[in-house]
Each structure stands twice: as C-alpha cells, then as structure tokens.
Visitor: 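My questions all concern the structure below.
Bear in mind the structure is a predicted one, so any value in this text is a computation, not a measurement.
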Amino acid sequence: CYETSYYLYDSGAAPAMCESSTLTLGRRVSTTAGGGTVQPLLDCVRTLAYRFGCINASGNLTWQNGTDCGTSKLRLMKIGMIIQASSRGGSSPERIDLFEDLGPAFVVATTLTTAQRNYRWRKLEQTITLKNQE
C-alpha cells in the first residue's frame, strides 16, 4: 500500500486571482513515511475539514471529529472544502458553515473578513464510503 496525505500549504505559486489568505490543496504519495513529492491539486482553498462516521457498540452510525474509533469501526468519511469561486467583484456572507447536516457539534464555521467577502466562495461537501472497511 502507498501512504497518501492531503493537506493545505502555501505553494508560493498560486494564480494571481486567488485571495491572499487562500492555500493550495496538495497530495503526497509515498511508500515510506514522510517520503514523496507534494503535488498541487487545487488552488484558492480557504478551508479543508473532515468528519468520520463510525459504528458504535449498538451498531449505530455516529459522527466524530477524529478516527479514534479504530479502523474496524470506521465506515464513512465526510470531506468539506470552501474554495474561491471568482475573482474580486463577488459578494459573500460573513460566515460559511460546513457539515451543518451532522449537527452543531460537528459544524466547521469559516468567518470571512471584509476583504474576503469581496470574492465569491463555493462550499463543497462529499461523503465517501470506505469500501475496504466494510
């Protein structure tokens, strides 16, 4: 198996249209811990967050902020991102929330500054079934 990690970083090479506080989503694949070269996947990312769906002792699905339920009980992963959808000239709300459907304890709130609100932002969420854990 290859170890794959995803994270936000300052690439120093983001397009000029990106708002100054955004980062690049990168992926590193390696056969050794910490090895591999970072490959950029997406520019102009403001927020990246995860939530994990685990099976509890009663057999019910519960959501968590971390994977401390163990891989044998891990079933779903929810990924959320807020990305810049336009260059200057947009109008956005002061706050954008991810994972609202999971309840207040799991919401990731992103507060935009006045300058950031001059751009349009897009909220992306995806739930992934972890097939190798079924």
Visitor: Checking Asp68 now: which residues fulfil side chain to side chain donor-acceptor pair (under 3.5 Å) with it, not counting sequence neighbours?
Guide: Gln64
Visitor: Is there a side-chain contact between Leu25 and Leu8, using heavy atoms and a 4.5 Å cut-off?
Guide: yes
Visitor: State, to 0.1 Å, how close Gly12 and Asp10 come at their nearest heavy-atom pair, and which atoms those are.
Guide: N-OD1, 3.0 Å
Visitor: Taking the side chain as every heavy atom from C-beta outward, state whether Ile128 and Ile79 have any pair of such atoms under 4.5 Å apart.
Guide: yes
Visitor: Quick one: OG1 on Thr62 to NZ on Lys73, what's the gap to the nearest 0.5 Å?
Guide: 9.5 Å
Visitor: Applying the 4.5 Å side-chain criterion to the ILVMFWY set and letting contacts propagate, would Ile96 and Tyr119 be lumped into a single cluster?
Guide: yes
Visitor: Grab the two heavy atoms, one from Ser92 and one from Trp121, that are nearest each other, plus how far apart they are.
Guide: OG-CD1, 3.2 Å
Visitor: Tell me every residue that passes side chain to side chain donor-acceptor pair (under 3.5 Å) with Asn56, counting only those two or more places apart in sequence or in another chain.
Guide: none
Visitor: What closest approach, in Å, do Tyr9 and Pro40 show between heavy atoms, and which atom pair accounts for it?
Guide: OH-CB, 3.5 Å
Visitor: Is there side-chain contact between Thr114 and Gln116, with heavy atoms separated by less than 4.5 Å?
Guide: no
Visitor: Going from CG on Leu23 to CD1 on Ile83, what distance comes out if it is rounded to the nearest 0.5 angstrom?
Guide: 13.5 Å
Visitor: Tell me whether Tyr6 shares a hydrophobic cluster with Leu42, the cluster being built from Ile, Leu, Val, Met, Phe, Trp, Tyr side chains joined at under 4.5 Å.
Guide: yes
Visitor: Sort and list the pairs that fulfil disulfide (SG to SG under 2.5 Å) and have at least one residue in residues 80-121, not counting sequence neighbours.
Guide: none
Visitor: Quick one: are Leu98 and Glu125 in side-chain contact, heavy atoms under 4.5 Å?
Guide: yes
Visitor: Of the non-hydrogen atoms in Trp63 and Phe106, which two are nearest, and what is the gap between them?
Guide: O-CZ, 2.8 Å
Visitor: Roughly how far, to the nearest 0.5 Å, is CE of Met77 from CG of Leu130?
Guide: 7.5 Å
Visitor: Quick one: list whatever passes side chain to side chain donor-acceptor pair (under 3.5 Å) with Asn65, sequence neighbours left out.
Guide: Arg51
Visitor: Could you tell me which residues satisfy side chain to side chain donor-acceptor pair (under 3.5 Å) with Thr47, sequence neighbours excluded, listed by chain and number?
Guide: Thr110
Visitor: Would you say the side chain of Tyr50 lies within less than 4.5 Å of the side chain of Lys78, judging by non-hydrogen atoms?
Guide: no
Visitor: Side chains of Arg27 and Tyr7: do they bring a donor and an acceptor to under 3.5 Å?
Guide: no
Visitor: Mind checking whether Thr24 and Val45 have side chains closer than 4.5 Å, heavy atoms only?
Guide: no
Visitor: Find out if a path of hydrophobic residues (ILVMFWY) with successive side-chain heavy-atom gaps under 4.5 Å connects Phe52 to Leu48.
Guide: yes
Visitor: Mind jotting down which residue pairs meet the disulfide (SG to SG under 2.5 Å) criterion with at least one end in residues 80-126? Sequence neighbours excluded, please.
Guide: none
Visitor: Sequence neighbours left out, what passes side-chain contact (heavy atoms from CB on, under 4.5 Å) with Arg117? Give chain and number order.
Guide: Glu94, Leu112
Visitor: Enter the distance from Arg46:CZ to Thr111:OG1 here, rounded to the nearest 0.5 Å.
Guide: 8.0 Å
Visitor: Check whether Leu76 and Ile55 end up in the same hydrophobic cluster, where Ile, Leu, Val, Met, Phe, Trp and Tyr are linked by side-chain heavy atoms less than 4.5 Å apart.
Guide: yes
Visitor: Of all residues at least two apart in sequence or in a different chain, which pass the salt bridge (Lys or Arg N to Asp or Glu O under 4.0 Å) check with Glu100?
Guide: Lys123
Visitor: For residues 47-88, pull every pair meeting disulfide (SG to SG under 2.5 Å), keeping only residues two or more places apart or in separate chains.
Guide: Cys54-Cys69
Visitor: Sequence neighbours excluded, which residues qualify as side-chain contact (heavy atoms from CB on, under 4.5 Å) partners of Ser86?
Guide: Arg120
Visitor: For Cys44, give me all partners under side-chain contact (heavy atoms from CB on, under 4.5 Å), at least two apart in sequence or on another chain.
Guide: Cys18, Thr22, Gln84
Visitor: Sort and list the pairs that fulfil disulfide (SG to SG under 2.5 Å) and have at least one residue in residues 76-106, not counting sequence neighbours.
Guide: none
